[in-house]
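None of the values given here were measured: they were computed from a predicted structure.
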Amino acid sequence: MHIYRTHNCNELRAANIGETVKLSGWIHSKREHPNALFIDLRDHYGITQVVVYPVASFFESLKRCPLESVITITGEVLARDDMAINKNRATGEIELRADEAIIENASAKLPLPIAGDQEYPEDIRLRHRYLDLRREKLHNNIILRSNVISSLRKRMIDQGFMEFQTPILTASSPEGARDFLVPSRLNPGQFYALPQAPQQFKQLLMVAGFDKYFQIAPCFRDEDARADRSPGEFYQLDIEMSFATQEDVFQAIEPVMAGVFEEFADGRTVETPFPRIPYKESMEKYGNDKPDLRIPFELCNVSEFFTEEGVEFKAFKSIVESGGMVQAIPAPCTADKPRSFFDKLNKWAQKEMQAPGLGYIRLEDGENGLEGKGPIAKFFPQDVIRRMAAKAGLGAGDAMFFSAGKAGDAYKLAGAARAEVAKQLGLIEENVFKFCWIVDFPMYVWDEDNKKVDFSHNPFSMPQGGMDALKNKDPLDILAYQYDIVCNGIELSSGAIRNHQVDGMYKAFEIAGYSHDVVDKEFAGMINAFKYGAPPHGGIAPGVDRIVMLLAGAENIREVIVFPMNQQAQDLMMNAPAEVDPKQLRELHLRLDLPKDLK
RNA sequence: GCGGGUGUAGCUCAGUUGGUUAGAGCGCUGGCCUGUCACGCCAGAGGCCGCGGGUUCGAGUCCCGUCACUCGCGCCA
């Protein structure tokens with residue numbers, strides 16, 4: 001007999017009654033009775049009840065053995081009396097009588113309980129991640145993650161994609177997020193950077209003729225955390241394909257995404273095909289480029305009404321007159337909401353969005369038809385309110401909030417307010433995954449801080465109209481073959497058809513202020529490669545952690561990462577980051593120059 | 001870097017307008033209970049009320065500062 005087990009803890013059934021078997025696992029719970037001690041023995045697979053009778057020599061030691069100790073039990077599989085069958089458990093028809101017992105490793109006092117689904121402080125959970133991972137919910141999330149990744153791999157391989165590993169120690173890139181740097185011992189004063197994504201490598205694989213590449217790729221960006229953004233590192237399903245148009249990428253990837261979501265939907269629906277929304281339309285209707293299509297209402301531009309004669313709302317009027325805009329955020333069916341509902345949203349805008357506030361008008365049936373009510377309604381002639389409501393598709397019993405400012409600010413507040421209003425009103429559709437493609441991103445944006453034109457997304461993207469557009473159009477009017485996949489308001493991936501011509505690359509970078517020499521230096525690998533026959537190519541990179549997060553229904557990305565860091569990018573379990581031995585610093589030719597308060 | 005929230009027993013939480021000895025559940029220890037499976041019953045141990053100042057006759061409670069965790073803003077081609 002194997003020294004640890006003949007079966008796992010989710011294997012024994014009525015058919016095994018009478019067999020002598022061995023199980024190993026953790027003590028999940030204990031119930032002590034005068035005639036018997038019951039132990040729920042748990043492993044990765046499930047739970048089996050062990051019964052220990054007082055005649056056993058080890059009765060006392062098992063009785064005192066703490067929860068979460070690892071034990072090995074040998075004994076006979078017994079049938080349970082009809083009355084004692086536990087129908088909630090796969091192994092509930094039987095139990096294992098302990099004839100021999102070994103305590104493999106007794107547990108110390110637990111910093112957090114394993115059984116049950118109570119919530120616990122995250123720092124304790126992270127410090128003792130190995131314990132938290134024993135708990136059912138997290139354990140299942142991680143199993144789901146593994147299954148999702150297998151499924152993604154299979155779907156890609158079935159389509160003829162090949163998986164390659166790309167370097168982790170690579171060169172810093174001047175674009176994008178802050179890099180993580182690694183000092184070079186052999187090259188004093190020089191640094192590697194961890195890849196923010198294998199962007200250039202995957203394009204070089206296309207130049208190398210591999211045609212279809214994918215990788216479950218680790219990506220490193222030194223940026224601050226969010227609920228849906230793990231600090232430091234995350235994984236992408238990185239994809240690139242040669243001789244592909246934007247449409248080819250969509251045809252290849254949409255079935256992978258829809259398929260994997262359907263596979264693990266567990267009763268939730270996935271709507272296909274994914275609607276395609278131009279970036280500009282998304283900003284206008286949803287206030288951002290990651291719309292949550294589960295929300296059943298859209299924003300409405302009402303700027304035109306604020307300059308009409310008779311409208312006395314000076315603050316917004318002057319904003320519109322100086323080139324700004326006003327977005328209306330519908331709040332349907334709010335007739336029965338108390339004043340506090342509106343106050344609360346106003347406070348939310350001030351606190352969370354650091355906005356001046358969120359004005360609103362309530363719409364009611366009055367003597368002469370639709371009437372506007374609320375603190376700012378008096379600044380508007382009633383016919384303006386009626387026309388404004390009509391444009392926003394609202395009627396009696398509804399309300400509308402207003403977001404005003406420069407286009408960017410107005411959209412931003414309106415988009416966030418749309419989500420907040422929907423949340424407060426319980427109007428977000430449940431049990432559905434609503435995807436969309438966002439297409440036609442602008443190639444460039446105006447960088448107000450540095451007073452220059454900058455890339456809006458990926459500098460390697462192909463501008464729509466190609467070289468002609470780069471040469472002859474206003475850079476801010478050029479669109480790119482650049483696209484995102486969004487699901488339920490979460491940006492899942494972004495991708496693009498790449499600019500594969502050397503001249504086009506130089507020109508595109510020149511517009512963003514990068515000289516020929518700088519491009520040669522910073523993007524040496526790629527620009528050189530493109531001189532030797534680069535195929536047209538494009539790709540995309542869905543975020544694996546976010547896919548799993550959506551499928552797991554997790555509120556927080558750390559719930560789907562095995563060993564995550566906290567918001568301050570610290571690994572509380574491994575104590576990283578940490579100071580290092582001075583000898584290590586000397587080898588790397590580094591000397592510390594810490595801020596005063598840390599010296 | 002900035003703003004919000006939280007911090008009371010190993011864990012989850014309650015704690016009134018500032019007023020006796022800071023409570024409950026889970027867990028732990030001991031005892032009881034004829035088969036439990038969220039077992040039940042009795043008893044017990046366990047508290048720098050995050051930390052430091054202040055106001056007050058008196059602070060878990062009010063004020064200031066600080067730390068930790070978290071959510072958001074900035075950041076994220």
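- Base-pair partner of G47(B): not found among the strands shown (Watson-Crick or G-U wobble, both distances under 3.5 Å).
- To the nearest angstrom, P of G27(B) lies 12 Å from NE2 of H28(A).
- Nucleotide A22(B) forms no Watson-Crick or G-U wobble pair with any nucleotide shown, as no partner meets the under 3.5 Å limit on both distances.
- For the C1' atoms, the distance from U8(B) to A24(B) is 13 Å, rounded to whole Å.
- Place L67(A) and K63(A) on RNA chain B by their nearest nucleotides, and L67(A) ends up nearer the 5' end.
- As a whole-Å value, the separation of R64(A) CZ from G31(B) P is 6 Å.
- Residue I47(A) is out of contact with every strand shown, counting any heavy-atom pair closer than 4.0 Å.
- A donor and an acceptor atom never sit less than 3.5 Å apart when one is taken from the side chain of R221(A) and the other from the base of C75(B).
- Rounded to a whole angstrom, the distance from the P atom of U34(B) to that of G47(B) is 36 Å.
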Check the interface with nucleotides 37-41 of chain B: list each N/O to N/O pair with the protein under 3.5 Å, or write none.
unit_1: C37(B); atom_1: O4'; unit_2: R31(A); atom_2: NE; d: 3.0
unit_1: C37(B); atom_1: O2; unit_2: Q49(A); atom_2: OE1; d: 3.4
unit_1: C37(B); atom_1: O2; unit_2: N86(A); atom_2: ND2; d: 3.1
unit_1: C37(B); atom_1: N3; unit_2: R80(A); atom_2: NH1; d: 2.7
unit_1: C37(B); atom_1: N4; unit_2: R80(A); atom_2: NH1; d: 3.3
unit_1: C37(B); atom_1: N4; unit_2: A84(A); atom_2: O; d: 2.2
unit_1: C39(B); atom_1: OP2; unit_2: R31(A); atom_2: NH1; d: 3.4
unit_1: C39(B); atom_1: N3; unit_2: H33(A); atom_2: NE2; d: 3.3
unit_1: C39(B); atom_1: N4; unit_2: E32(A); atom_2: O; d: 2.8

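- Across all strands shown, P459(A) has heavy atoms under 4.0 Å from base atoms, whether or not it also approaches the sugar-phosphate.
- Salt bridge annotation for D228(A)-R226(A): absent, with no cationic side-chain nitrogen under 4.0 angstrom from a carboxylate oxygen.
- Among the heavy atoms of the strands lying under 4.0 Å from S456(A) are primed sugar atoms or P, OP1, OP2 only; no base atom is included.
- Using atom P as the reference point in both U56(B) and U16(B), the two lie 23 Å apart (nearest Å).
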Sub-3.5 Å pairs of nitrogen or oxygen atoms, protein against nucleotides 42-46 of chain B:
none

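- Here OG1 of T48(A) is found 11.5 Å from CD1 of I73(A). Values are rounded to the nearest 0.5 Å.
- Among the heavy atoms of the strands lying under 4.0 Å from Y120(A) are primed sugar atoms or P, OP1, OP2 only; no base atom is included.
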Check nucleotides 70-73 of chain B against the protein and report each pair of N or O atoms closer than 3.5 Å, with its distance, or say if there are none.
unit_1: U70(B); atom_1: OP1; unit_2: Q567(A); atom_2: N; d: 3.4
unit_1: U70(B); atom_1: OP2; unit_2: Q567(A); atom_2: N; d: 3.3
unit_1: U70(B); atom_1: OP2; unit_2: Q568(A); atom_2: OE1; d: 3.2
unit_1: U70(B); atom_1: O3'; unit_2: R558(A); atom_2: NH2; d: 3.4
unit_1: C71(B); atom_1: OP1; unit_2: N556(A); atom_2: ND2; d: 3.0
unit_1: C71(B); atom_1: OP1; unit_2: R558(A); atom_2: NH2; d: 2.7
unit_1: C71(B); atom_1: OP2; unit_2: Q567(A); atom_2: OE1; d: 2.8
unit_1: G72(B); atom_1: OP2; unit_2: A227(A); atom_2: N; d: 2.8
unit_1: G72(B); atom_1: O2'; unit_2: E352(A); atom_2: O; d: 3.4
unit_1: C73(B); atom_1: OP2; unit_2: R226(A); atom_2: NE; d: 2.7
unit_1: C73(B); atom_1: O3'; unit_2: K412(A); atom_2: NZ; d: 3.3

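- The separation of G25(B) from G40(B), taken at their C1' atoms, amounts to 15 Å, rounded to a whole angstrom.
- Remark: G1(B) base-pairs with C73(B); criterion is Watson-Crick or G-U wobble with both hydrogen-bond distances under 3.5 Å.
- Within the shown strands, G54(B) is the pairing partner of C62(B) under the Watson-Crick or G-U definition, both distances less than 3.5 Å.
- Look at the P atom in both G19(B) and A59(B): the space between them is 11 Å, to the nearest Å.
- Put simply, CZ on R135(A) is 13 Å from P on C11(B), counting in whole angstrom units.
- One atom, CG of L37(A), and another, P of C33(B), lie 16 Å apart when rounded to the nearest Å.
- Rounded to whole Å, the separation between the P atoms of G65(B) and A22(B) comes to 30 Å.
- More than 12 heavy atoms of other residues, nucleotides or ligands sit less than 6.0 Å from atom CZ of R13(A).
- With a 6.0 Å radius and a threshold of 12 heavy atoms from other residues, nucleotides or ligands, Y192(A) has its OH atom at or below the threshold.
- Classification of the Y483(A)-W437(A) ring pair by plane angle, with boundaries at 30° and 60°, yields perpendicular.
- Using atom C1' as the reference point in both U17(B) and C64(B), the two lie 23 Å apart (nearest Å).
- With rounding to whole Å, L112(A) atom CG is found 16 Å from A9(B) atom C1'.
- Heavy atoms from other residues, nucleotides or ligands lying under 6.0 Å from CD of E60(A) number more than 12.
- Computed from coordinates, the R125(A) CZ to U6(B) C1' distance equals 16 Å when rounded to whole Å.
- Distance CD1 (I557(A)) to C1' (C76(B)): 13 Å, rounded to an integer number of Å.
- Between the P atoms of U20(B) and U61(B), the separation comes to 14 Å (whole Å).
- In this structure, E223(A) does not pair ionically with R178(A), as no charged nitrogen and carboxylate oxygen lie closer than 4.0 Å.
- A 3.5 Å limit on both hydrogen-bonding distances identifies no Watson-Crick or G-U partner for A38(B).
- Using a 4.0 Å heavy-atom cutoff across all strands shown, E68(A) reaches no nucleic acid atom at all.
- Taking for each of D81(A) and L110(A) the nucleotide of RNA chain B with the nearest heavy atom, the 5'-most of the two is the partner of L110(A).
- Per the geometry, CG belonging to N575(A) stands 15 Å off P belonging to A68(B), to the nearest Å.
- Taking the six-membered ring for Trp and thresholds of 30 and 60 degrees, Y506(A) and H516(A) have nearly parallel ring planes, at less than 30 degrees apart.
- Atom CG in L112(A) sits 7.0 Å away from atom OH in Y120(A) (nearest 0.5 Å).
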